[in-house]
Amino acid sequence: MDLQILLDNHRRFLAFLEKRVGDRAVAEDILQDAFVRNLAKAGELPPDEIIPWFYATLRNAVVDRYRREQVKNKRLEAFAHELERTRDEGSDTDREICACVSRLTSTLKPEYADVLARVDVGGASLKEYAQEKGLTASNAGVRAHRARQALRRQLMQSCGLCAEHGCVDCTCTAR
């Protein structure tokens, strides 16, 4: 009987919640959670107190939902600030990696070092590089591929596992 009182007022409860949260799906979630959590308690109340008590329960559920959202938003903001801080610190890591790669690039054939410096570091397209060097686009692509392979081999030889797993905490020394 007490359950029936709540079920008979389902639409009113849903409209009450929807007006407060502005989203039907969220209102339905809150209502469903409230039903699940409070059905046993409803049986302990006199029938004339069930509806006012359930509205109070719903108001509390909305407040709890907003509080959880605020906590979640604060955590997201803290995470965003941490990412920004890490990105700024990451530039030091990038410089270290670039120094390691630059050092090893000098051990490659001059044409390999040149294509890597111009295309991969300098940002030129392979087509631009090919035109500058009087090569076909295909030949420039092959040269860039071979240069990257040669650099990869040098990194593996010099840095070992640290190169294989990202060079983030590079402790290698020049060999």
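Keep in mind it's a predicted model, so treat the numbers as computed, not measured.
Considering only heavy atoms from C-beta on, F35 comes within 4.5 Å of F54 through its side chain. Between Q157 and R153 there is no side-chain heavy-atom pair separated by less than 4.5 Å.
Evaluation of the side chain to side chain donor-acceptor pair (under 3.5 Å) test over residues 55-66, restricted to residues two or more places apart or in two chains, returns none. Every pair passing side chain to side chain donor-acceptor pair (under 3.5 Å) that includes a residue from residues 26-40 is listed here, sequence neighbours excluded: R24-E28.
For Y129, the ring pair (Phe, Tyr, Trp, His ring centres under 6.0 Å) test picks out no residue, with sequence neighbours left out.
Between G141 and L126, the closest heavy-atom pair is CA-CD1, 3.9 Å. Smallest separation of non-hydrogen atoms from K133 and D114: CE-OD2, 2.8 Å. Minimum heavy-atom separation, S125 to V119: O-CG2, 4.3 Å.
Using a 4.5 Å cut-off between side-chain heavy atoms of Ile, Leu, Val, Met, Phe, Trp and Tyr, with links allowed through other members, V36 and F13 fall into different hydrophobic clusters. L45 and L7 end up in the same hydrophobic cluster when Ile, Leu, Val, Met, Phe, Trp and Tyr side chains are linked at under 4.5 Å.
A donor-acceptor pair shorter than 3.5 Å can be found between the side chains of D8 and Q4.
Atom CZ of R11 has 12 or fewer heavy atoms from other residues, nucleotides or ligands within 6.0 Å. By the 6.0 Å contact criterion, CZ on R146 is open, its count of non-hydrogen atoms from other residues, nucleotides or ligands being 12 or less.
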